[in-house]
Structures are given as C-alpha cells and as structure tokens.
Amino acid sequence: MTIASGVRRISHWIGGKDVESTSGRSGTVWNPATGEPRGSVDFASAREVDLAVASAKDAFPSWRAAPLSRRSEIMFKFRELVDANRRAIAEAITLEHGKTLPDAMGEVARGLENIEFACGIPNLLKGSFSEQASTGVDVYQIRQPLGVVAGITPFNFPAMVPLWMLANAIACGNSFILKPSERDPSASLLLADLLRQAGLPDGVFNVVQGDRAAVERLIEHPDVKAISFVGSTPIARSVYESATRYGKRVQALGGAKNHMVVLPDADIAMAADAAVSAAYGSAGERCMAISVVVAVGGIADPLIAAIRERMAKIKIGPGLESGNEMGPLITREHRNRVAGYVAAAADEGATVVVDGRGDPASARGPHFLGTSLLDNVKPGMRCYDDEIFGPVLSVARVSTYAEAVGMVNENPYGNGAAIFTRDGGAARQFQFDVEAGMVGINVPIPVPVSYYSFGGWKASLFGDLHMYGPEGVQFYTRAKLVTSRWPDPASSRVDLGFPQVR
Ligand code: NAD
C-alpha cells in the first residue's frame, strides 16, 4: 500500500510483500460516510494472478510438510495479533464499508472465532484407524491438503468472510489466494501483514486485488485446486458452473431473502426488537439480514406499530461517529438502486408505511438512505422477489402457519429463516418443515458458531459443503485411504483372486 499525492494506492500481496500492479486497471475505493474517494485499488491482470499462484505453489510443499503443532502455533499467534488489532481492522472496515464501528468490531470478533477453531487443527485432522481389518491388515484414513486454493469474497464482510475461508485452508496445509471485494480491500492487507507477523512463511497467503478478470483467471488456472466463493446469487451460480467445468472443487455461497415468521402468540416487543435489529443493522447489507416479516393472523398491526416506534429511534450517521447505529450504503449507485425499490413499491400494490427517502438522514451524504417499511408485500412484487440488500423491511400478511411456511419454502433463496413464537411445538414443527440452511427460533440472525458450518440451501449455496467449521476442514482436504500389511515373509504367496477379508 502506498500513498502518493494524497491518494492511497491499494495493491496486491504476493510472496510476503506488497506488489504494485502493472495492469493499468484500477478502481476507486469510496469512503461511504463522506462520498469522497478514499483510495485506488489495483486490478490484477492474468499475469499478476499467475504470479500469485506461482508463489503459492512454491510455498506449498514445505508448508504442507510443516508439523501440525507448528501450523497450530502460527494460528495461535495470528489469533493474538488479530485480537490486539481489533480496532485497527474495524476502523479500516468502517472507512471503506460504512458500517458502524461497533458493528465492524462485531465482525472482527466473529472472524476471530474462525481462527480459534483453526488453532485446534491437530485434533481436527485426526484420521481414523481400523486395526485388523483382515488378518494382519490395518486400514486407515488420512486427510491431506489440496494445494493452492482460492477464496473470492463480497464487500459486506471484508474481514470475517476471508477469515471463514483462510483460517481453515491454511491450517489444513494449503496455500491460499484471496481475491477480496474491490470495494473495501484494505482489511485483507491488514490480515496479510498479521499473518506475516505470526510467522506464516511467505507465499502461503497471497492477496490479488481486482474484479471479474482476476476471478476468471483463478478459476481457469490449472494449479488452483479449489474455489470458495461468497457473493450474489447470479455470480455464485456462474462461478460454480465455470469452476465445475474446470474440474475444481467449489463451494459458492449466494444471496438471500430471509423470512421471519411471527406467530400470533409471539411476544410483540421481542419480535419487533429482533426485526428492527436484523433488518436495519449494517444498513441491511448482511446476507443473514431479515428482509421479510411474515405476520400470521392478527399480529400484523400491533407488530408494525412496535416496529415503527423502534425505527424512529435509530440513529443514522457516519460509522465512526459514536452513538450512530446505522451507517451509509456501500456506493451511491447501490443506494439509488435500493431507493428505487421503495419508489416502485406503491405501484406494485404494497403499502409504503415508512419511506426512508424522506428521512433527514438521507441528506447526510450521497450514500445515505433512511430506513423503510413496506406492508402488504406479496410474491410477484419486485420488492419481494429481489434481494434488495439495503435498509428496507417488508411485511407479508398471511392467515395461517401453513401459508407462512409455504411462502418461505417457495422462495428461491434458503439462507436463513426464523420463527418467533412462545409455542415449543410450533417452533419444532418449523424446524422440521422449513427449507433453509440456518434456522433461528426466537433468534433473527442464526449465524452458526465457528465449530458448526455456515451455508444456505437452494439458490443461497451452490456445491455440497458448507463453509467453515468441520465442513470447511473437509472442503480444504481430501481423504486418502491406506490399507497396510506387514507380513511375515513366510506367509507370502501369489494370489490372483480379488482381495477378501481373511
Ligand atoms: P458480488 O457478487 O457483486 O461480488 C462478490 C465477489 O465476486 C467480489 O469479490 C467481486 O469482485 C467478484 N465479482 C464481481 N463480478 C464478478 C463476475 N462477473 N465474475 C466473477 N466474480 C465477480 O457481491 P457483493 O455485492 O460484493 O456482496 C453482496 C452479495 O453477497 C449479496 O448478494 C449477499 O447476500 C451475498 N453474501 C452472501 C453470503 C453468504 O454467506 N451466503 C455472505 C455475504 C454476502
């Protein structure tokens, strides 16, 4: 990273050092709070991606051979360094993403959990052993790293999502190339520097900045063995299809439309607190944000009243200004796109209960938009069908539990779904019925802890394995089965029959 004539230049991290691009392509990184440019990020050419892959490939054999205790020790040191630098990482996130500082600190805390999980790698990579599978024959399974693996991450969690991937990938003995979002690339370089300080050998972790061109080269490069992707559904689908065509192992997590079903017996205050927190936190730019409240029976009117009351108190402003609870959106184009859904909602037949465009907060800068609430929203309306990814909450009214579950299950996305109720039997039925990968019972954002794995169903995940936790370890390793015999030479003989248990 260099600073020339007041513009920060954000470049790649290859082989343990900053490498400036010669591609001639770059993008502007904005400070969403001011609407001013904050830096310029290099976009890698295919040649620069190849350089990173070559560096990762060179580093792989000795990293793979490093004792488990050494890998674990580096993860412990990395954990300490990230912990000590929480605030610096969070500030970098706030400056480029716009989320409030406490929210960014929360992101770093959740990322730390993934490093903590990876510290236990010696235990996680224990294989299995069957003594005497046949007379004098033992069978065992070991898991080995894949080689060079790559991760492509979205703008909305510039530290946590990279940590979902890199902690396990590296601890398992792979070398890793991160292609972060070009909108908030600085956190990736802070993590790179902390990994270096933790003692990670050069080349085991690399960052290539860039856009589609870098992603396409990573996918087609023959030395890249696996792709982890997190982003919007259309791109996740195309990354999955293309990586599969190249014969790669791939997990591609996509977008979401998370429903929160509120049954008539729910505690209204608690449901309203949860809906407001989960819909407007991080300005709705979370893949686990609640975007639709499905109000069952007569609960809609009192619930909407309680939600409005809470919305009116949300403090909106720059993320570094203390006391603010919601910041700006990532770009002005995205802000205008989100505002467009609110503008079109009434024509589609929805009721605009609160129009965030008129909120004084919307005048704070070109990336700011107040919170909106839409009622009488139905499938078929754009505000229901599309992932808005902004501070807009929709309410859909249904008469029965069956209608509510039907609506959730017919939605093409299946990341998270929540139910609010005081009835344990209804909650258990929901857990059984609902087609979503992560379910909350009186919990609006059920992001699993790091010792479970994260992933949605349907159009929210392409691939078989979920991310981080035990499935992450599985994704970044492959199984090898060994059948072993140490025979007494006296018992050895030629036998052309198929091996059988004797
Ligand atoms: P995005 O799909 O625009 O970008 C994601 C990554 O793909 C970025 O690194 C970007 O540079 C790269 N990219 C962009 N265009 C590409 C192309 N044509 N080909 C290949 N790569 C390309 O997503 P975003 O706007 O950065 O992030 C928001 C989206 O991510 C939302 O849809 C959100 O729901 C989703 N998301 C999902 C999860 C999850 O776990 N399911 C988590 C976080 C975010």
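Bear in mind that the values here come from a model prediction, so they are computed numbers and not experimental data. We count ligands from 1, going down the list as the structure has it; atoms in each ligand are counted the same way.
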Report task. Could you tell me which residues satisfy ring-ring contact (aromatic ring centres under 6.0 Å, His included) with His259, sequence neighbours excluded, listed by chain and number? Result -> Tyr384
Report summary line: Note: heavy atom closest to atom 7 (O) of ligand 1, options Phe229, Phe157, Phe454, Trp164, belongs to Phe229
Query - Distance-only side-chain donor-acceptor flag, Asn168 / Tyr468, under 3.5 Å - result: no
**Report entry** Identified side chain to side chain contact (heavy atoms under 4.5 Å, CB included) partner of Arg397 from the options Ile304, Val294, Val377, Val293
**Finding:** Ile304
Report summary line: Any heavy atom of Glu387 under 4.0 Å from ligand 1? The part involved is side chain
Query raised in the report: Should you measure from each heavy atom of Asn156, which atoms of ligand 1 turn up under 4.0 Å away?
Result: 43 (C), 44 (C)
**Report entry** Backbone of Ile170 reached by a side-chain donor or acceptor of Asn174 within 3.5 Å
**Finding:** no
Report task. Before signing off on this row, confirm whether Glu182 and ligand 1 have an N or O atom pair separated by under 3.5 Å. Result -> yes
Query raised in the report: Closest non-hydrogen protein atom to atom 35 (C) of ligand 1, residue and atom name please, with distance?
Result: Gly231 O, 3.1 Å
Query raised in the report: Between Trp30 and Arg332, is there a cation-pi geometry (under 6.0 Å to ring centre, at most 45° from the normal)?
Result: yes
Query raised in the report: Backbone, side chain, both or neither: what part of Leu461 comes under 4.0 angstrom of ligand 1, heavy atoms only?
Result: neither
Query raised in the report: For the side chain of Ser362 and the backbone of Gly370, is there at least one donor-acceptor N/O pair under 3.5 Å apart?
Result: yes
Query - Distance filter under 4.0 Å to Val215 heavy atoms, resulting ligand 1 atoms - result: 20 (C), 21 (N)
Query raised in the report: Between Glu241 and Arg245, is a salt bridge (charged side-chain N to carboxylate O under 4.0 Å, His left out) present by the stated rule, with each step listed?
Result: CA-CA 6 Å; Glu241 286 168 358; Arg245 266 200 306 280; 5.3 Å; no
Query raised in the report: How does Arg183 reach ligand 1, if at all, at less than 4.0 Å between non-hydrogen atoms: by side chain, backbone, both, or neither?
Result: side chain
Requested in this report: Taking the side chain as every heavy atom from C-beta outward, state whether His334 and Glu285 have any pair of such atoms under 4.5 Å apart.
Outcome: yes
Report summary line: Counting from 1 in the order shown, the ligand 1 atoms closer than 4.0 Å to a non-hydrogen atom of Asn415 are 41 (N)
Query raised in the report: Contact between Gly254 and ligand 1, counting heavy atoms under 4.0 Å?
Result: yes
Requested in this report: Consider only side-chain N and O atoms of Thr22 and Glu48, and report whether a donor and an acceptor are under 3.5 Å apart.
Outcome: yes
Report task. Report yes or no: does Phe43 have a heavy atom closer than 4.0 Å to ligand 1? Result -> no
Query raised in the report: Would a distance-only check, ignoring hydrogens and angles, find a side-chain to backbone donor-acceptor pair under 3.5 Å from Ser453 to Glu471?
Result: yes
Query - atom 4 (O) of ligand 1 protein-contacted, heavy-atom criterion under 4.0 angstrom - result: no
**Report entry** For atom 27 (O) of ligand 1, closest protein heavy-atom neighbour
**Finding:** Pro154 CB, 3.3 Å
**Report entry** Polar side chain donor-acceptor pair, Ser23 to Arg47, under 3.5 angstrom
**Finding:** no
Query raised in the report: Of all the non-hydrogen atoms in the protein, which one sits nearest to atom 28 (C) of ligand 1, and at what distance?
Result: Phe389 CE2, 3.6 Å
**Report entry** Numbered atoms of ligand 1 (with element) below 4.0 Å of Ile152, judged on heavy atoms
**Finding:** 6 (C), 7 (O), 9 (O)
Query raised in the report: Evaluating non-hydrogen atoms only, which member of Ile235, Thr153, Ile219 is closest to atom 15 (N) of ligand 1?
Result: Ile235
Report task. Among Asp42, Val41, Asp18, find the one that has a side chain to side chain contact (heavy atoms under 4.5 Å, CB included) with Arg9. Result -> Asp42
Report task. Measure the acute angle between the ring planes of Tyr476 and Phe176, then classify it against the limits of 30° and 60° as parallel, tilted or perpendicular. Result -> perpendicular
Query - Nearest non-hydrogen protein atom, atom 24 (P) of ligand 1 - result: Phe155 CD2, 3.5 Å
Query raised in the report: Should the proximity of Tyr413 to ligand 1, defined as any heavy atom under 4.0 Å, be assigned to the side chain, the backbone, both, or neither?
Result: neither
Query raised in the report: Quick check: does Leu253 get an N/O under 3.5 Å from an N/O on ligand 1?
Result: no
Report summary line: Among His466, Arg212, Glu285, Lys179, closest by heavy atom to atom 17 (C) of ligand 1 is Arg212
**Report entry** For atom 39 (C) of ligand 1, the protein heavy atom that lies nearest, with its residue and separation
**Finding:** Cys287 SG, 3.5 Å
Query raised in the report: Contact between Val230 and ligand 1, counting heavy atoms under 4.0 Å?
Result: yes
Requested in this report: Using distance alone, decide if ligand 1 has a nitrogen or oxygen within less than 3.5 Å of any nitrogen or oxygen in Ser232.
Outcome: yes
Query raised in the report: Can a donor-acceptor pair be found between the side chains of Ser372 and Tyr341 at a distance below 3.5 Å?
Result: no
